[in-house]
Undergrad: 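Once you've had a glance at the structure underneath, I'll fire off some questions.
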Amino acid sequence: QHPLRSQSNAATEESNEAEEETIDEKPEIKIETAPADFRFPTTNQTRHCFTRYIEYHRCVAAKGEGAPECEKFAKYYRSLCPSEW
């Protein structure tokens, strides 16, 4: 083989590997909150937070701890309620 061709191939392989690493480094970030609820039309979402919290605990009481159906309520109240509460 010609020495310039082997160097060219090595450089091409290195650039391909660098491109693959760049693509893999971007994790998908999905930011969500609770859906809008017509029962809570005002800016103050305190009642909405409280209601979602109660819905979650009612679901857990009815279906048991760790029920997958209740996880959406947990996600809702955790996104609406201040973490200090």
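Just so you know, these numbers use all the heavy atoms, side chains as well, and skip hydrogens, waters and symmetry mates. Residue numbers count from 1 along this sequence. Remember, predicted model here, so these are calculated numbers, not experimental data.
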Undergrad: Can you give me the closest heavy-atom contact between Cys70 and Val60, atom names plus distance?
TA: SG-N, 3.6 Å

Undergrad: If you measure from CD1 on Ile54 to CZ on Arg47, what distance do you get to the nearest 0.5 Å?
TA: 9.5 Å

Undergrad: If every non-hydrogen atom of Trp85 is compared with every non-hydrogen atom of Cys81, which pair is closest and at what distance?
TA: CE3-CB, 4.5 Å

Undergrad: Any idea which heavy atoms bring Phe73 and Cys59 closest together, and the distance?
TA: CD1-CB, 4.2 Å

Undergrad: Would you list the pairs meeting salt bridge (charged side-chain N to carboxylate O under 4.0 Å, His left out) in which at least one residue belongs to residues 49-68, sequence neighbours left out?
TA: Asp37-Arg52, Arg39-Glu55, Arg52-Glu55

Undergrad: Over 60° means perpendicular and under 30° means parallel, so tell me whether Tyr53 and Tyr77 are parallel, tilted or perpendicular.
TA: perpendicular

Undergrad: Could you grab the distance from atom CD of Glu71 to atom OH of Tyr56, nearest 0.5 Å is fine?
TA: 5.5 Å

